Amino acid sequence: MLPGIQVPLFCLLFLALQQTLGLECGLVNLKAAPWSNQTASKPPQKHDLIIGGEEPKKNEIPWVVVLYLDDNYFTCTGSLIAPNYVLTAHHCVSNLPRPINGVYVGYGSVVKKQMRKVKVANIFDHPWADISVLELSQGIHKTPVCLPKMYNSECQLEKNMVVAGFGEHVGADFDPDWLKNGTIFDARGDVPEFLLWTNIEQQDWTKCEYSYQKSEFCAGGLSRGVMHGDSGGPVMKVEAKRVVQIGITSRGVDYAVNHRVFQNEIYVNVGYHAKWIDWVTRGTAQFRSIYDPCNVS
């Protein structure tokens, strides 16, 4: 082989390998709004989104996707965890007939109308948790989110989390003034055409109004949280300069507190199911270690 040909062939092999393995996970501009101000200590001040959140710019949260039925009916949110795999909530797909037909994933934009779509080829359901993994008919060459090798939700109450989704939204100043304090109600809002995010913080189990399992955790806050259509979306935090998805939006409850919405939402602990996800995705999902304050030597 001529020496001059070795470099182009090497480049072609490298590009082919990159397409197969996918991009490095969780690498985004950490100076952007979703990640630069990971705190739930102050009420949101800007847009009327989710329950008090903001609209991200392109490529700030590139792994968040939309689930569609029959190519047009929006159902839930999900996250790209490998070129050919999307993580979502099981209840989003539990009623679909098998084998799968007519299920699509929208990706590549924070605006629904600008998304490209790829067909779902197969669905893997966890035997008991609210988790499903969608296998795509062709790979998506976008940055996937990192997953945790383990997340000890019982040890630490994480205060710096970001949740994102394409579900309904109401403003942070939404005022259920017709309800008494402590009244549980089902907050409903408009369905936006774009992705939304907000900050939430983990709640102690004694303060959570919703029962949950050891493999889940409770999070939310005053005038912040998720709504219908956000199910299956990611709960994320920055760890070692990468974004890691520690939870999946599952279910929850809203109740009135001083004319504001206070939410307790249950999120599936992704780290608790890391081995199952790794097995289903054939080792293509990328996992990272999460700091555990209860296991420091």
Side-chain angles (χ1 to χ4, degrees), residues 18 21-40 44 49-50 53-66 77-89 105 107-110 131 133 140-153 156-167 194-202 217 219 221 224-226 230 232-250 265 267-274 277-278 281 284-292:
Q18 187 185 48
L21 298 179
L23 300 172
E24 284 288 311
C25 70
L27 292 177
V28 291
N29 178 16
L30 297 181
K31 295 181 179 179
W35 319 116
S36 62
N37 186 28
Q38 279 199 32
T39 175
L49 310 175
I50 276 190
E54 298 185 44
E55 179 183 354
K57 295 180 181 178
K58 185 178 180 180
N59 296 324
E60 288 181 350
I61 320 178
W63 43 78
V64 182
V65 301
V66 173
T77 303
S79 55
L80 184 70
I81 58 173
N84 287 85
Y85 295 97
V86 164
L87 189 64
T88 191
V105 164
Y107 71 96
S109 176
V110 297
I131 301 180
V133 172
I140 296 176
H141 194 61
K142 290 288 182 181
T143 300
V145 66
C146 299
L147 302 180
K149 294 180 179 178
M150 184 189 73
Y151 175 62
N152 191 344
S153 60
Q156 59 200 91
L157 292 180
E158 182 61 54
K159 302 298 182 182
N160 299 317
M161 300 189 292
V162 172
V163 62
F166 283 92
F194 38 81
L195 175 67
L196 314 172
W197 68 269
T198 191
N199 293 114
I200 57 173
E201 59 183 27
Q202 193 172 332
F217 61 87
R224 66 193 68 227
V226 292
D230 293 320
V235 181
M236 304 155 285
K237 63 169 293 187
V238 174
E239 186 79 20
K241 298 183 179 181
R242 291 175 185 260
V243 179
V244 182
Q245 178 179 348
I246 59 176
I248 303 170
T249 301
S250 179
E265 185 79 10
Y267 299 90
V268 178
N269 185 336
V270 175
Y272 194 91
H273 305 285
I277 296 172
D278 184 54
T281 61
T284 56
Q286 301 176 52
F287 293 85
R288 293 292 183 270
S289 297
I290 295 289
Y291 172 72
D292 183 359

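Worth knowing before you read on, the calculation uses all heavy atoms, side chains too, and leaves out hydrogens, waters and symmetry mates. This structure is a prediction, so every number in the text was calculated from the model and none was measured.
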Among V65, V268, I277, which residue satisfies the side-chain contact (heavy atoms from CB on, under 4.5 Å) criterion with L87? I277
Return yes if some donor-acceptor pair links the side-chain N/O of T77 with the main-chain N/O of F166 below 3.5 Å, else return no. yes
Rounded at 0.5 Å granularity, tell me how far CG in L27 sits from NZ in K241. 11.0 Å
Hey, what do you get for CD1 (I140) to CG (L80), rounding to the nearest 0.5 Å? 5.0 Å
Closest approach of A219 and M161, non-hydrogen atoms and distance? CB-CE, 3.7 Å
Evaluation steps, salt bridge (charged side-chain N to carboxylate O under 4.0 Å, His left out), between E239 and K149: CA-CA 12 Å; E239 186 79 20; K149 294 180 179 178; over 6 Å; no
Side-chain contact, heavy-atom cut-off 4.5 Å: Y151 with V244? no
side-chain contact (heavy atoms from CB on, under 4.5 Å), that's the test. Do Q202 and Y267 meet it? Break it down for me. CA-CA 10 Å; Q202 193 172 332; Y267 299 90; over 6 Å; no
If you measure from CD1 on I246 to CG on N152, what distance do you get to the nearest 0.5 Å? 11.5 Å
Do the side chains of K237 and E158 get close enough for a salt bridge, i.e. N-O under 4.0 angstrom? yes
Quick check for you: to the nearest 0.5 Å, what is the distance between E60 atom CD and L30 atom CG? 11.0 Å
Tightest non-hydrogen contact, residues P148 and I290, listed as CB-CG1, 3.6 Å
Please examine the side chains of V163 and T198, heavy atoms only from C-beta on, and report whether any two atoms are closer than 4.5 Å. yes
Quick check: closest heavy atoms across A285 and D278, and the distance to 0.1 Å? O-OD1, 4.5 Å
Min side-chain heavy-atom separation I200-E265 under 4.5 Å: no
Can you tell me how far apart CZ (F217) and OG (S250) are? Round to the nearest 0.5 Å. 10.5 Å
Can you check side-chain contact (heavy atoms from CB on, under 4.5 Å) on W35 and V162, steps first, answer last? CA-CA 8 Å; W35 319 116; V162 172; 3.8 Å; yes
Indicate the atoms forming the closest heavy-atom contact of P234 with G78, along with that distance. CD-O, 4.4 Å
Nearest heavy-atom neighbours spanning H273 and N269: CD2-O, 3.3 Å
Considering all heavy atoms of both residues, which atom of G108 and which atom of K142 are nearest to each other, and what is their separation? CA-CE, 4.0 Å
Test side-chain contact (heavy atoms from CB on, under 4.5 Å) on V86 and Y107 and set out the steps. CA-CA 11 Å; V86 164; Y107 71 96; over 6 Å; no
In Å and rounded to the nearest 0.5 Å, what is the CD1 to CD distance from I61 to Q245? 11.5 Å
Candidate pair H141 and L23, rule side-chain contact (heavy atoms from CB on, under 4.5 Å), full reasoning: CA-CA 7 Å; H141 194 61; L23 300 172; 3.7 Å; yes
